[in-house]
Amino acid sequence: GDNTTFRAQLRDDPDVASAVAAIRALLGFLKQDRGETIQGLRSSLLAAIDTLSRVDSSVAVSSGGELFLRFISLTSLEYSDYSKCKEIMIERGEIFLRKVSLSRNKIAKLCHPFIRDGARILTHAYSRVVLRVLEAAVESKKRFSVYVTESQPDQAGQKMAKALRKLNIPVTVILDAAVGYIMEKVDLVLVGAEGVVESGGIINKIGTNQIAVCAKAQNKPFYVVAESFKFVRLFPLNQQDVPDKFKYKADTLKTSQNLTEEHPWIDYTSPSLITLLFTDLGVLTPSAVSDELIKLYL
Amino acid sequence: KRGRGTAARGRGPGRGERALLTGLCPQAPELSREEKLQLRKEKKQQKKKKRSEKGPAAEPAEPGPPSDPGQPRGEEPPSTPPGSPRPAGGKSKAELRAERRAKQEAERAQKQAKKAELGQAAAAAKPRLTPTEPQSVVKRLPEHVQVDDPAAQRKLAKKLERQQVPLRQDYGTKVNLFSHLHQYSRKKPLTQQMSIPSTVIHPAVVRLGLQYSQGIINGSNARCIALLEVFKQLIRDYSTPPNEELSRDLVAKLKPHISFLNQCRPLSASMGNAIKFLKKEISCLPDTEWPWLTKTPSLEVIYLREKILLAAEAISRSAFEKINDNDVILVYGCSSLVNRTLCDAHAKKGRAFRVIVVDSRPRLEGRETLRRLVRKGIHCTYVMINAISYVLPEVSKVLLGAHALLANGSVMSRVGTSQIALVSKAYNVPVLVCCETYKFCERVQTDSFVSNELDDPDDLIVLRKGQAQLGGWAENKSLRLLNLVYDVTPPDLVDLVITDLGMIPCTSVPVVLRVKSVDQ
């Protein structure tokens, strides 16, 4: 049921983040649910989130789903009438969805002042949030140029370059291996994130960690833009500590015999390499992420 | 009365003269103290007048101890000698004294009224109101880091005399850098200076103090648990004397016991927090709650159960997620929490891991860890701390315990811990610290010198082939022995702190403290 809705939504609107589509699907599921108890509803929602993450195993889907669940269940215990509870939960779900869809614009407003006139920006792979930020910078009449890494194995960088050319931004696509070469020319690095972990580090497309290390070595600021629903309660200590279910695509997890032969799609960047994170909760330093997470989850 | 009417009271007798006077007439110290008090009060009056002339300044007129305790008044050259003409002019000393007395009486009456209100309000309203003084309170340094300040020591001596607790003497020459800390000898326990049975100190507390000072009870959790058990017994044996309020009297009765324990061995952060909690709870109780204190579950048991035992369970579970298959875990010294975590993880039989136990002299606590782990069947290796750069390349993570977690994220733990963290960082090995939230302190420390503990220097003497190396250290003028107990690890060397509230980075400790203070 919701698998098909979810996939349909992803297909129809490529601009929406997969997590937002997941939340929309969950809201629809909530509306249709025929259960009679809060516990039953919770468990069926959890099962739904599980199903969705089996379709798209990105970090954002699981974190978005968990946050959705927490957000709607914060008030559910106050009313004894189940249908009233459910109404309230649906209402809160709508509020959550609305907040989440507006988050990208909020972030763009916060971030574009950091792009100065004449800046040279390096970005990695295809990120819709970064695209929105650069769009906002263009709207505020700034001139800048962008270097995009090609980002193998799916060449997502080419997609990003095409989108940027439509905005009339001068863009150059570089090899992933050329990041160390180009770093001295750039003024700042701007990447998106698939997930923001408790330590303040990020999980993003493979290759991000290298860029961060090069940026640190040459003292270039490394900025991350991410919506708050991407905050996840993970705390990886190193690359190996990131759970397998995020490293590989959902289909690979189901079909592959030996995971060590598969190439991971994401890597973990530690908080010491990140300068600032731009989120809809504000501009945060990596150590402030944990504070925000404690506020969100406790 | 000496000195009252004379105009030339400014400097008083010089230092040498005063010494002579105190030697000749034993009454003289009493008078000079009174004189000092008078001088102090008069100076305060002057300051207040000056300030009220300058502009409005809301400074409370506390007749408490002055900001620089005990400095002999004759040695303050820049201060205005009270003999000089006063700016207000005209008021005689007797009138000023009367004014001051009236003010003090008024303040005392106010304080009593407030206490009565609070006593009623606290009974009705929990959580208790936090002290709402918005004035900037300069926190006074605790006595145990001011050993080289004679004034502070004199204050302490007076306080202990009042409480009838013996003062423990320091032993041996100290290293200059640590001369502000106490250094005691284990061969001279405090109980030698008091009569047993003591009339003021409960025998269970005497026993506990002895156990602390001789090192029989070691480790911050163990000390805190023992303390709570003894307090339970204390409270059970307590009976409110007539005309006294339970809450205030019990807290006052506890003070000499706490001083005694502090003299036996400086209180640990965990014990400090437990005592703070107990005092707060007790002072909130009205008289009618008296039977509740002796019923079970009593306050101490609740604190013990929730904050120590259940927290250990929660931490053990969280830490289990971080232990992977075929892990090599390095542990240092003996931490009850880390041992429990490893034993539980081994019992769950999900992960195969082995442990490297690092140990250091003179405490050799690693042997106790080794004993406990091997008994459970965990594969262990034992090395001394000099060998860590040799073993670290094969270690996958380091698991450490903590004595306290400070407000800036620094970890205070057994000496040697920061060394392990530093070398692990150089080898890129993640460092995990396990610590319950009740050990979180509001204190901030960036180095290991300011506040620490010096253990018995004779512990460093080692007997080898019948010869005591370093045995004659006291006779050698240029030799000092240093036996530190704690050190402070900066937060950037620690990757993760596992607490009962979850896994947090070191920098989030102030957030937890904030959340906890909101809860309470």
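So that the names make sense, note that chain A is the first sequence line, chain B the second, and so on, each numbered from 1. Bear in mind that the values here come from a model prediction, so they are computed numbers and not experimental data.
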Residue [X] excluded, over 12 heavy atoms near [atom1] under 6.0 Å:
X	atom1	result
A:Q210	CD	no
B:K376	NZ	no
A:K99	NZ	no

Expected output: side-chain B:K322 to main-chain A:L237 donor-acceptor under 3.5 Å: no
Kindly write out the residues that satisfy side chain to side chain contact (heavy atoms under 4.5 Å, CB included) with B:N221, not counting sequence neighbours, or none if the list is empty.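 Per chain and number, B:N221 pairs via side chain to side chain contact (heavy atoms under 4.5 Å, CB included) with B:I308, B:S336, B:E436, B:Y438, B:K439.
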Given heavy-atom pairs under 4.5 angstrom as the criterion, report whether the side chain, backbone, both or neither of B:P505 touches chain A. both
Turns out that what part of B:N324 lies under 4.5 Å from chain A's heavy atoms comes down to side chain
From B:K397 NZ over to A:N238 CG, what is the distance, rounded to the nearest 0.5 angstrom? 7.0 Å
Output the residues of residues 274-288 of chain A for which the shortest heavy-atom distance to chain B is under 4.5 Å, in residue-number order; output 'none' if no such residue exists. A:S287
Using a 4.5 Å heavy-atom cutoff, which residues in residues 195-205 of chain A come close to chain B? A:E198, A:S199
With sequence neighbours left out, what residues match B:R317 under salt bridge (charged side-chain N to carboxylate O under 4.0 Å, His left out)? B:E313
At a 4.5 Å cut-off on heavy atoms, which part of A:P236 comes close to chain B: side chain, backbone, both, or neither?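 It is the backbone, since no side chain atom gets that close.
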So which residue, B:N428, B:I504, B:D492, ends up with the most heavy-atom pairs under 4.5 Å with chain A?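 Ranked by contacts with chain A, first place is B:I504.
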